[in-house]
Engineer: 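Structure below; questions to follow.
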Number of protein chains: 2
Amino acid sequence: MQSEATHAQVLTTVDVVVLTLVEGVLSVVLLQRERAPYVGVWALPGGYIHAQEDADAQASAARVLRSKAGIEGAYLEQLATFSGPARDPRGWSVAISYCALIPQQLLPAPRSGLKIVPVSAVGQLPFDHGQILQAALGRVRSKSQYSSLPVYFLGESFSLPQLQQVYESILGEPVNKVSFRRKMDELGMLEPVPGAMQAGGAHRPAQLYRVRPEFRQQLALSARGL
Amino acid sequence: MQSEATHAQVLTTVDVVVLTLVEGVLSVVLLQRERAPYVGVWALPGGYIHAQEDADAQASAARVLRSKAGIEGAYLEQLATFSGPARDPRGWSVAISYCALIPQQLLPAPRSGLKIVPVSAVGQLPFDHGQILQAALGRVRSKSQYSSLPVYFLGESFSLPQLQQVYESILGEPVNKVSFRRKMDELGMLEPVPGAMQAGGAHRPAQLYRVRPEFRQQLALSARGL
DNA sequence: ACAATAGTGTCTCTCAGACACTATCAA
DNA sequence: TTGATAGTGTCTGAGAGACACTATTGT
């Protein structure tokens with residue numbers, strides 16, 4: 001069949017932008033490429049779709065993260081799909097890109113070939129990974145304005161001041177405390193962890209919260225921002 | 001190379017949800033399939049990516065629209081990418097889906113094998129086209145709440161009451177006239193067509209507007225809805 | 001006691017929607 | 001003149017942010 005021959009020439013890959021907060025700085029995971037093209041160059045985690053083992057492209061992305069970066073348990077969301085004859089020197093290619101959010105403590109120990117770079121300090125990237133990174137940043141910043149997306153930067157339980165700081169880090173501007181707490185209350189996504197407080201400083205301890213079970217792998221959306 | 005053999009088994013296609021407003025009813029273009037699988041079944045316009053001729057997947061979508069449905073000049077926006085071993089009986093496949101918005105008057109004359117169906121009256125669709133259609137509807141309804149997306153349902157020039165009716169059709173609820181005009185003014189995307197009025201009824205004629213050149217293929221976004 | 005941050009009550013200002021009014025056409 | 005729709009001025013109520021206050025810890 002002629003059309004079979006035609007479409008078979010398209011490379012199908014996934015690329016993942018893994019984002020985390022390091023000391024309040026939005027950062028991305030880069031891997032040093034082990035194979036051609038661009039051997040030795042720092043790039044986004046990515047790889048071919050394996051038709052034999054992957055249930056869908058998101059499973060491919062999860063597999064790539066696990067096998068190449070040792071990352072598991074991240075929140076995964078599909079970004080856009082990039083395509084064309086020029087973006088990969090091997091030929092006409094399709095890259096289904098994903099955005100992964102993960103708390104810093106779930107990242108693997110630093111090792112050779114893996115680094116975590118503040119997004120403001122990322123230089124030139126191979127392929128069209130620069131564009132993909134920009135798409136991820138735009139998505140995260142945009143969705144943080146009206147959804148609960150940023151909770152995925154934090155672990156199991158966290159305090160409201162902590163969460164507010166995450167929002168402020170991503171949005172790059174201070175957030176009104178009263179409004180923020182009102183909104184979080186309205187979203188109805190958090191519940192206090194009974195008896196769990198975050199002590200530490202010479203000040204009043206903060207109540208710890210966790211995401212309600214029914215919101216675990218699902219975002220809470222607000223109609224009017226924040 | 002082994003990985004080459006692996007990824008070559010993935011079919012790469014595009015599917016397009018063409019939406020238009022027919023008498024204020026959101027409707028979708030369906031084509032009767034001419035080839036296996038699902039010969040004769042009504043489905044979304046779609047086809048293989050042609051690596052030799054397409055500059056990217058969006059170009060593939062435009063080509064499919066032109067060659068299979070005779071549609072040109074639509075606003076095109078990428079939706080999500082669907083993938084997996086089961087969605088297409090021919091094997092593991094990737095479908096990059098697009099949403100197309102077009103004024104009714106730019107649609108081709110009705111012909112055998114092409115129909116325009118109110119989205120509320122679309123029955124079962126082959127592949128995962130039902131999911132794709134739902135994604136398109138969600139996207140259009142969501143974006144209509146805070147952007148100028150719906151202008152692509154109208155032609156070159158239109159009156160504000162016309163545009164408001166388009167918003168109301170999509171959102172499924174009445175829109176406040178004063179707020180609507182304030183927002184359109186703030187978006188700064190429209191300009192009055194000098195001297196062009198829409199007469200017709202036994203009442204005051206409406207000023208006609210058009211999209212400013214700098215906003216032609218780009219959406220205007222509002223921070224706070226409408 | 002005091003410094004420091006957590007958490008809350010309340011005021012104000014902004015903005016979206018409601019309402020009412022004027023404008024301009026055909027019959 | 002009347003009916004119908006286009007277009008605008010203004011009021012009001014809801015909600016977001018500012019501010020100030022109380023609460024609770026360690027030193």
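Here is the naming used below: chain letters follow the sequence lines, and residue numbers restart at 1 for every chain. Remember, it's a predicted structure, so these values are computed and weren't measured experimentally. The figures here come from the full heavy-atom set of this structure, side chains too, leaving out hydrogens, waters and symmetry mates.
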Engineer: May I ask you to say whether R139(B) pairs ionically with E77(B), meaning some side-chain N is under 4.0 Å from a carboxylate O?
Structural biologist: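 So R139(B) pairs with E77(B) through a salt bridge.
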Engineer: Going by heavy atoms in the side chains, are V14(B) and S97(B) under 4.5 Å from each other?
Structural biologist: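 Counting from C-beta outward, V14(B) and S97(B) never come under 4.5 Å.
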Engineer: Please enumerate all residues that pass ring pair (Phe, Tyr, Trp, His ring centres under 6.0 Å) together with Y75(B), with sequence neighbours excluded.
Structural biologist: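 Ring pair (Phe, Tyr, Trp, His ring centres under 6.0 Å) list for Y75(B), sorted by chain: Y152(B).
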Engineer: Whole-Å distance between dA18(D) C1' and E173(A) CD?
Structural biologist: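 So the two atoms are 16 Å apart, to the nearest Å.
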Engineer: Tell me whether the OP1 or OP2 atom of dA16(D) has a side-chain N or O from N176(A) closer than 4.0 Å.
Structural biologist: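 Indeed not, no polar side-chain atom of N176(A) lies that close.
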Engineer: Would you check if Q165(A) and V175(A) make a side-chain contact, meaning some heavy-atom pair closer than 4.5 Å?
Structural biologist: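 With C-beta onward as the side chain, the pair stays apart.
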Engineer: Closest approach to the side chain of S179(A), judged atom by atom: which nucleotide of dC19(D), dA16(C), dA16(D) is it?
Structural biologist: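 So the side chain of S179(A) is nearest to dA16(D).
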Engineer: Rounded to the nearest Å, what distance is computed from the CE atom of residue M184(B) to the C1' atom of nucleotide dG7(D)?
Structural biologist: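 Computing the M184(B):CE to dG7(D):C1' distance gives 16 Å.
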Engineer: I'd like a table of donor-acceptor pairs (distance under 3.5 Å, sequence neighbours excluded) in which one partner is a side-chain atom from residues 15-32 of chain B, with atom names and distances.
Structural biologist:
{"residue": "D15(B)", "atom": "OD1", "partner": "H129(B)", "partner atom": "NE2", "Å": "3.4"}
{"residue": "T20(B)", "atom": "OG1", "partner": "I102(B)", "partner atom": "O", "Å": "2.8"}
{"residue": "T20(B)", "atom": "OG1", "partner": "Q104(B)", "partner atom": "N", "Å": "3.2"}
{"residue": "S27(B)", "atom": "OG", "partner": "V25(B)", "partner atom": "O", "Å": "3.0"}
{"residue": "Q32(B)", "atom": "NE2", "partner": "G40(B)", "partner atom": "O", "Å": "3.0"}

Engineer: Which whole-number value in Å describes the distance from F180(A) CZ to dG15(D) C1'?
Structural biologist: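 Rounded to the whole Å, the gap is 17 Å.
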Engineer: Can you see if the side chain of K177(B) gets near the phosphate of dG7(D) - specifically, an N or O under 4.0 Å from OP1 or OP2?
Structural biologist: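 K177(B) to dG7(D) OP1/OP2: no side-chain N or O under 4.0 Å.
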Engineer: What is the distance, to the nearest angstrom, from the CZ atom on R182(B) to the P atom on dC11(D)?
Structural biologist: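 The answer, rounded to whole Å, is 13 Å.
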Engineer: Could you go through residues 114-124 of chain A and list every donor-acceptor pair under 3.5 Å that involves a side-chain atom there, pairing it with any protein atom two or more places apart or in another chain?
Structural biologist:
none

Engineer: Specify the residues of residues 196-210 of chain A, ordered by number, for which at least one heavy atom lies under 4.0 angstrom from an atom of DNA chain C.
Structural biologist: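 DNA chain C contact set from residues 196-210 of chain A: A202(A), H203(A), R204(A), P205(A), A206(A), Q207(A).
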Engineer: Please state how far atom NZ in K183(A) lies from atom P in dA14(D), giving the value in whole angstrom units.
Structural biologist: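 Rounding to the nearest Å, NZ of K183(A) and P of dA14(D) are 15 Å apart.
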Engineer: Enumerate the residues from residues 153-161 of chain B whose closest heavy atom to DNA chain D is under 4.0 Å, giving them by residue number; use none for an empty result.
Structural biologist: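 Those residues whose heavy atoms fall under 4.0 Å from DNA chain D, taken from residues 153-161 of chain B in numerical order, are P161(B).
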Engineer: Without placing hydrogens or testing angles, list every side-chain donor-acceptor pair under 3.5 Å for residues 194-211 of chain B, not counting sequence neighbours.
Structural biologist:
{"residue": "Q207(B)", "atom": "NE2", "partner": "V193(B)", "partner atom": "O", "Å": "2.9"}
{"residue": "Q207(B)", "atom": "NE2", "partner": "A196(B)", "partner atom": "O", "Å": "3.2"}
{"residue": "R210(B)", "atom": "NE", "partner": "E191(B)", "partner atom": "OE2", "Å": "2.9"}

Engineer: Which nucleotide wins on minimum distance to the side chain of R181(B), given the candidates dA16(C), dA18(D), dA6(D)?
Structural biologist: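 Minimum distance to the R181(B) side chain belongs to dA6(D).
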